[in-house]
Every structure is written in structure tokens, then in C-alpha cells.
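Each ligand, and each atom within it, is numbered from 1 in the order the structure gives.
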Amino acid sequence: MKKILIVGAGGQIGSELTAYLRSIYGANNVVATDVRECESLSSTGPFEVLNALDAKAFAEIVNKYKIDTIYNLVALLSAVGEKDPMFAWSINMGALTNSLEIAREYGCALFTPSSIGAFGPSSPKDSTPQDTLMQPTTIYGVCKVTGEMISNYYNLRYGLDTRSVRFPGIISNLTLPGGGTTDYAVEIFYEAVKSGKFTCPIPSDMFMDMLYMPDALKACVELMEADPAKLIHRNSFNIASMSFSPDIIYKEICKHIPNLQMDYKIEPIKEAIASSWPNSLDDTCARAEWGWKPDWNLENMTVDMLKHIKIKKEKGLL
Ligand code: SER
């Protein structure tokens, strides 16, 4: 049985990945850590407060629990990263270099997500290939490309079992994202149910790839369980399931909430970031090398999101 450590478990992905991994591997085999106390994580299994930049404390936890697999989910996202680029660099890269070194020292496998943000304006926009030009224009993207390259390097140089996917915007109904360019695609669902009105910060025709959380969780586990002999790519895999613009998701939600009103107040930083990213990724390599296949699309995800957020509203949780 694996002994898993999740670093940065209190964020959007971590809070759901912790529960998912605990359901598969047993609660006691999944240690969650975050820089802050987190009741929902500590009441359901082992939990430690950890600043991932503190290499000594990080290594002590790996040693204490005899960890063999690390999920490093620490990251400042794209829009918030632009407010203080060097802070974003120090957090994103500090957590990654500590994860790499500690994984090397203790012989752990390491998962670190990359992102559609690793691409830039010079990358092909549509069906962006797995291997192509990557010259991002955000500090978040610079961290992600660097992270991909150094993870690949650790695999080649030290044989470290590094694995990664390039996540698009992740849509979920449990924990809200924070500081990302794709956050609008979550916020629109909450506002549709709460107020029936949404002000969109992204231009109506701007396409970006998105993924529903259950597919994101499945991708993490399937990639980490994949036969290493079949993995040709050790930097990060393109994965994809749906690509849409604000106008398209608005029309999809209107099929269920016909009175939804949407206007636009474009946030220039988000617009610049979104326009530098691909419209849609080509995920052929992930499908071929480890069997990636999403279960969700815009239609069934919209139904499921609205169902769960309406339940929250009925319970007075919005
Ligand atoms: N969701 C991220 C962001 O918008 C992209 O990976 O920053």
C-alpha cells in the first residue's frame, strides 16, 4: 500500500484530492499538509501544518510517516502571481525544489501539476501539441515550464519517478479556486444559483480548456499508477476534456437557468493572460501512454455543478 504525502492540501485541488486518495488507499495512508490548519483535512486522517519552503520540517514529515509518494500542489495561480512575481517564483519554485530534493533523498515518486499556463503566445493556439514551443509570458507559466524541465532533469539525472499533467482550468463545487485566470468558469455557476447575475472578467469569445474535478482527480491517480515503462514524457502531459468561451458556458447554463444575466467587466490582466494561452490542447500522448480518457463534458458537468450548488443553497451554505 502506498504512503502518500500531499503538500498544499488545503487548496482547490488538494482538498478534494485528499478525500479521493483516502477513499482509495485508506485514510491513514494519506497524510495531508498545508501551511494553515484545516479542519476538514485533519478530522478525516493524518494532518500536519507544513510550510513547504521549510525543507527540514518537510523532510521530517516524509521520514516520520515513511512516505513513498508526494503530491506537491503548492502554487500561487496566474492572476495573483502577476501582483508580486518574485513572491510567486519563490513559493512555486521553492516548494518544487524542496519536493524534488526530498523525493530524491527518500526515494519517493513525485507528482507536480503543470498547466495550460506553461504555454505562451508563440505556441500553436488550437490543438496545442504535447511537444511544442513554450514561451509563457506570466510568472506562473515561467514557473511551470521551469518545473517541467527540472522534473524531467531529475528523472534523467537521478532516475526520480517524476510525473505531471498540464491542468487546464479546474471546475469544482467544493473548494473555490483563488487567483486564477480560469476562476470565472467556477464563479459563474455560483452566481447563477445565488443571484442570477454574473459579471464576467474574460472576453465573451476567449476560449480556454477546462476540466471537471472528478476527471482531474482520476488523472492524478491513473498517471501515478501507470506503468513507468510506458511513460515517454516525464515533463508533463497535455490533458483535455472541454474547451469553451464565456459565451458558450453562459448559453449552457441558460438551458437550466434561463433568466441568468451576464455582463462583462474585462480585467486587463486576466484578458492578457487568457489571450496568451491555448484555446485547446491535444492530449493524444496522455491517451496513448497511460490511457487518459475524460468522463465529463460541458453538458454533463453543467448539470452536475448546478445540482450540487443548488443543494448548498438549500442548506444555507452559499
Ligand atoms: N487555473 C490556472 C489559472 O488560471 C491555470 O492552470 O491560473
Within the 4.0 Å heavy-atom shell around [X], which atoms of ligand 1 are there?
| X | answer |
| --- | --- |
| Leu77 | 7 (O) |
| Gly180 | 3 (C), 4 (O), 7 (O) |
| Phe167 | 6 (O) |
| Tyr140 | 2 (C), 5 (C), 6 (O), 7 (O) |
| Ser115 | 5 (C), 6 (O) |

Could you check whether any side-chain N or O of [X] sits under 3.5 Å from a backbone N or O of [Y], counting only pairs where one atom can act as donor and the other as acceptor?
| X | Y | result |
| --- | --- | --- |
| Asn29 | Tyr25 | yes |
| Tyr250 | Ser245 | no |
| Ser243 | Ser280 | no |

N-O pairing of [X] and [Y] below 4.0 Å:
| X | Y | result |
| --- | --- | --- |
| Lys56 | Glu60 | yes |
| Glu299 | Lys255 | no |
| Asp68 | Lys66 | no |

Single-linkage hydrophobic cluster Met213~Val193, side-chain heavy atoms < 4.5 angstrom: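 They do not share one cluster, since no chain of ILVMFWY contacts under 4.5 Å joins Met213 to Val193.
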
Backbone or side-chain N or O of Thr181 under 3.5 Å from ligand 1 N or O: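 Yes - when backbone and side-chain N and O of Thr181 are compared with those of ligand 1, one distance drops under 3.5 Å.
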
Under 3.5 Å: N/O of Ser78 near N/O of ligand 1: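 N/O-N/O distance below 3.5 Å exists for this pair.
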
Structural part of Trp277 in contact with ligand 1, heavy atom criterion under 4.0 angstrom: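 The side chain, only.
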
Minimum-distance protein heavy atom relative to atom 1 (N) of ligand 1: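 Of every protein heavy atom, Thr182 OG1, 2.8 Å lies nearest to atom 1 (N) of ligand 1.
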
